[in-house]
S.K.: 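Please read through the structure below; I'll follow up with questions.
Letters go in sequence order (proteins before strands), and every chain restarts at 1.
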Protein chains: 2
Amino acid sequence: MGRTRGATSEARQRILETADRLFYEHGVRAVGIDRVIAEAGIAKATLYVHFPSKDDLILAVLQYREKNVLEFFRAATGRHGRKTPLRAFFAALREWFDSPGFRGCAFQNAAIELADPKHPGTEFVRGHKQRFFELIRGIVEETAGRSATKVAPVIALLVEGAVVTAVLQGRPDAADVAREAALKLSGEGA
Amino acid sequence: MGRTRGATSEARQRILETADRLFYEHGVRAVGIDRVIAEAGIAKATLYVHFPSKDDLILAVLQYREKNVLEFFRAATGRHGRKTPLRAFFAALREWFDSPGFRGCAFQNAAIELADPKHPGTEFVRGHKQRFFELIRGIVEETAGRSATKVAPVIALLVEGAVVTAVLQGRPDAADVAREAALKLSGEGA
DNA sequence: CAATCAATACAGACAGGTCTGTCTGTTTCG
DNA sequence: CGAAACAGACAGACCTGTCTGTATTGATTG
């Protein structure tokens, strides 16, 4: 092995994917480095070559995940059939809630586990939530026009609330409650 | 020492208060038993007499905290001046967000950290959320009458969303966004 | 009143495990 | 040869939970 180098390494990618999966399933603190290297099938030294510390790995995983998350919602909102963008967004949200292994927002979860507002991971999560809000605001604007400035923050709260509620209840129903309220708020009616 | 016994022990109470504070500030996993006993000023054996394992302590702390939380909101909602119960509730929510050391919902945080839906702590949190919802529903009913059945779940989502948003942003603004939306939904107008 | 007993809490060593991060040496492949 | 990854031992810290032995205190009893 040992062909590519730096940010495009195969081993690096395998580490990211494995850590992402394990961190999401069990939490960033509950999963040790040893478990990541065992399941990724790589050597410990290799991991520490690519990520100087576990905190660096956590941050890299969050960045890696954000790409996928934003892509998922943009794609799902884009390929809406006859649905409006807002309806398509909530369909994607519901789809996410229904997906196997759903355990809420990985960013929120990580921020809570890190329990330190100055941790690089937490700061990244803060940025992510702003970017996610911008995504929502863009979608709301397409439907609600200039009243979006007022309703977008409310819809964002509904979405956040639905995520934490769904994961705790183990049921996706909260997505529908949030959708109905959001449609009404945005003037789409139920 | 050694005067009282069982559930009324002074040492037991000191353990609960200390663990509650530490668990809330740093998380249930980040805080070790050694730190609890050091800051509570009790012996390790004493802790294990009252709580057979750390998981038992976590559960006991959650139960202890629920008493205080429900009391806080019931009291705050009860002693509203000219405010309606719903307005008083959101005033209390805002007060909580502004309180020093605010770090979101301890139950939600614990459930995320435990990352196991079958853990006794997680199951208790699930029950707590139901009880908290009933509290909200009761308050909404006093204002919105029979439409409460429809709007109470939405308001609950707004509240949950506001909590996680406020703690991540480090700002209490989300409480006001949620309040305005909730008042409108409940027919109180802005 | 004085001696004793039971309950409670104390201090802290200890075992056995896990954690992160470092390091040595080997293998694979271009 | 040289770059990358391999395997895995190791250090040092921390974790939970157990255990031994001591001190304090209220109640009991002679």
S.K.: Is a side-chain donor or acceptor of S186(A) paired with a backbone partner of L183(A) at a separation under 3.5 angstrom?
M.R.: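 Yes; judged by distance alone, with no hydrogens or angles, the pair exists.
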S.K.: Within the 4.0 Å heavy-atom criterion, would you say A43(A) contacts the bases, only the backbone, or no part of the nucleic acid?
M.R.: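 Base, at least one base atom sits under 4.0 Å.
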S.K.: Under the side-chain contact (heavy atoms from CB on, under 4.5 Å) test against L168(B), which residue among K129(A), Q130(A), E160(A) passes?
M.R.: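 Answer to the side-chain contact (heavy atoms from CB on, under 4.5 Å) test with L168(B) among K129(A), Q130(A), E160(A): K129(A).
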S.K.: In chain order, what residues pass the side chain to side chain donor-acceptor pair (under 3.5 Å) check against E66(B), with sequence neighbours excluded?
M.R.: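 Only H128(B), R131(B) meet the side chain to side chain donor-acceptor pair (under 3.5 Å) criterion with E66(B).
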S.K.: Would you please test W96(A) and F72(A) for ring-ring contact (aromatic ring centres under 6.0 Å, His included) and show each step?
M.R.: CA-CA 9 Å; W96(A) 179 38; F72(A) 171 78; 7.5 Å; no
S.K.: Determine, step by step, whether F132(A) and F107(A) satisfy the ring-ring contact (aromatic ring centres under 6.0 Å, His included) criterion, reporting the C-alpha distance in whole Å, the side-chain angles of both residues, the deciding distance to 0.1 Å, and the verdict.
M.R.: CA-CA 11 Å; F132(A) 192 73; F107(A) 306 95; 8.7 Å; no
S.K.: Could you tell me how far apart R14(B) (CZ) and dA9(C) (P) are, to the nearest whole angstrom?
M.R.: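 So the two atoms are 9 Å apart, to the nearest Å.
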S.K.: Using whole Å, report how far CD of Q13(A) lies from C1' of dA5(D).
M.R.: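 So the CD-C1' distance, Q13(A) to dA5(D), works out to 16 Å.
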S.K.: Mark up nucleotides 10-16 of chain D, 5' to 3', with B wherever a protein heavy atom is under 4.0 angstrom from a base atom, S wherever such an atom reaches only the sugar-phosphate, and - elsewhere.
M.R.: ------B
S.K.: Report the distance from atom CD of E10(B) to atom P of dA7(C), rounded to the nearest whole Å.
M.R.: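 Taking atom P of dA7(C) as the reference, CD of E10(B) is at 18 Å.
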S.K.: When you measure from the side chain of E141(A) to the backbone N and O of A148(A), does any donor-acceptor pair fall under 3.5 Å?
M.R.: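 Checked: no pair found.
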S.K.: Between L47(B) (CG) and dA11(C) (P), how many Å, whole number?
M.R.: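 So the CG-P distance, L47(B) to dA11(C), works out to 13 Å.
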S.K.: Closer than 4.0 angstrom, basic N to acidic O: yes or no for K118(A) and D116(A)?
M.R.: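 Salt bridge between K118(A) and D116(A), a charged N being under 4.0 Å from a carboxylate O: no.
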S.K.: Based on the rotation axes of five pairs at each end, what angle does the helix from dC1(C)-dG30(D) to dG30(C)-dC1(D) bend through, to 10°?
M.R.: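 Axis angle across the helix from dC1(C)-dG30(D) to dG30(C)-dC1(D), nearest 10°: 10°.
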S.K.: Backbone N or O of P117(B) within a donor-acceptor pair of the R126(B) side chain at under 3.5 Å?
M.R.: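 Yes, the answer is positive, given that a donor and an acceptor are paired below the 3.5 Å cut-off.
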S.K.: For dA9(C), does OP1 or OP2 lie under 4.0 Å from any side-chain N or O of H50(B)?
M.R.: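 Yes, H50(B) has a side-chain N/O under 4.0 Å of OP1/OP2 on dA9(C).
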S.K.: Does any N or O in the side chain of R94(A) come within less than 3.5 Å of the main-chain N or O of A175(A), such that one atom is a donor and the other an acceptor?
M.R.: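 No, R94(A) side chain to A175(A) backbone: no donor-acceptor pair under 3.5 Å.
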S.K.: Could you check how far CG of L57(A) sits from C1' of dG21(C), rounded to whole Å?
M.R.: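 From L57(A) CG to dG21(C) C1': 13 Å.
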S.K.: Within this structure, what is the CD1-to-P distance between I37(A) and dA4(D), rounded to whole angstrom?
M.R.: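 Those two atoms, CD1 and P, are 20 Å apart.
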